[in-house]
Asker: 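To start, I am sharing the structure in question, which I have written as structure tokens.
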Amino acid sequence: MLRREIWVDEQGHVSRYNLAYINHLIHPGDNGRVLDSIRAHGQHHRHFMGRVTAVNFETFELIDRRFQKEWTRLAKESS
């Protein structure tokens, strides 16, 4: 399952996002969250198989592109 939540402010800038790949067969922990890129509470971070790391934010487009590549690769590897 993919979850994409994107909040945009009045000026059209992405102010918050949550991009998640959920697959309980790959990772049963963390409610099945295999990969998740998040901006919440003023911080950009990434979840991968239960591990959380800070992310250097450049643009939402780059974060989105990286997420797309990673979840697609992970889904292919699991099939």
Side-chain angles (χ1 to χ4, degrees):
M1 175 172 62
L2 287 179
R3 180 178 62 216
R4 296 177 56 86
E5 299 174 294
I6 303 164
W7 291 261
V8 178
D9 65 17
E10 297 83 26
Q11 291 79 35
H13 299 107
V14 174
S15 58
R16 193 170 147 197
Y17 59 86
N18 181 1
L19 310 173
Y21 172 46
I22 300 165
N23 186 330
H24 293 272
L25 297 175
I26 294 175
H27 182 65
D30 202 14
N31 294 317
R33 182 168 49 179
V34 177
L35 177 65
D36 199 357
S37 292
I38 301 172
R39 178 173 192 257
H41 314 294
Q43 298 179 3
H44 301 272
H45 56 282
R46 176 179 180 265
H47 292 247
F48 180 69
M49 304 265 197
R51 192 167 157 213
V52 180
T53 55
V55 173
N56 290 326
F57 180 80
E58 293 181 41
T59 67
F60 172 74
E61 291 76 16
L62 289 174
I63 296 285
D64 189 36
R65 195 173 314 142
R66 176 181 173 185
F67 176 79
Q68 292 296 326
K69 285 181 185 177
E70 289 180 321
W71 88 258
T72 301
R73 179 183 51 80
L74 289 164
K76 285 180 184 176
E77 289 174 358
S78 71
S79 43

Asker: For residues Ile22 and Arg3, determine if any side-chain heavy atom of one lies less than 4.5 Å from a side-chain heavy atom of the other.
Answerer: yes
Asker: Regarding Glu70 and Arg66, does a basic nitrogen lie under 4.0 Å from an acidic carboxylate oxygen?
Answerer: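 Arg66 and Glu70: salt-bridged.
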Asker: What closest approach, in Å, do Ile63 and Ser37 show between heavy atoms, and which atom pair accounts for it?
Answerer: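 Scanning both residues completely, I find the closest heavy atoms to be CG2-CB, 4.0 Å.
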Asker: Measuring from His27:NE2 to Ser78:OG, what's the distance to the nearest 0.5 Å?
Answerer: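 OG of Ser78 is found 14.0 Å from NE2 of His27.
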Asker: Side chains of Ile26 and Met49: does their closest heavy-atom pair fall under 4.5 Å?
Answerer: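 When only atoms from C-beta onward are counted, Met49 and Ile26 do touch, with a gap below 4.5 Å.
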Asker: Roughly how far, to the nearest 0.5 Å, is CZ of Phe60 from NE2 of His13?
Answerer: 13.5 Å
Asker: Give a yes or no on whether a salt bridge exists between Arg16 and Asp9, defined as a side-chain N under 4.0 angstrom from a carboxylate O.
Answerer: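 No.
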Asker: I'd like to check Glu61 versus Thr59 (side-chain heavy atoms, cut-off strictly below 4.5 Å). Are they in contact?
Answerer: yes
Asker: Out of curiosity, Leu74 CG to Tyr21 OH, how far, rounded to the nearest 0.5 Å?
Answerer: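 Separation between the atoms: 6.5 Å.
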Asker: Once you round to the nearest 0.5 Å, how far does CG of Asn18 lie from NE2 of His47?
Answerer: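 Asn18 atom CG to His47 atom NE2 measures 8.0 Å (nearest 0.5 Å).
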Asker: On the 0 to 90° scale, with breaks at 30° and 60°, tag the His44-Phe57 ring pair as parallel, tilted or perpendicular.
Answerer: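 Taking Phe57 first and then His44, their aromatic rings lie parallel (interplane angle under 30°).
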Asker: Do Val34 and Ile38 share a hydrophobic cluster, counting only Ile, Leu, Val, Met, Phe, Trp and Tyr and linking them when any side-chain heavy atoms are less than 4.5 Å apart?
Answerer: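 Not linked; separate clusters.
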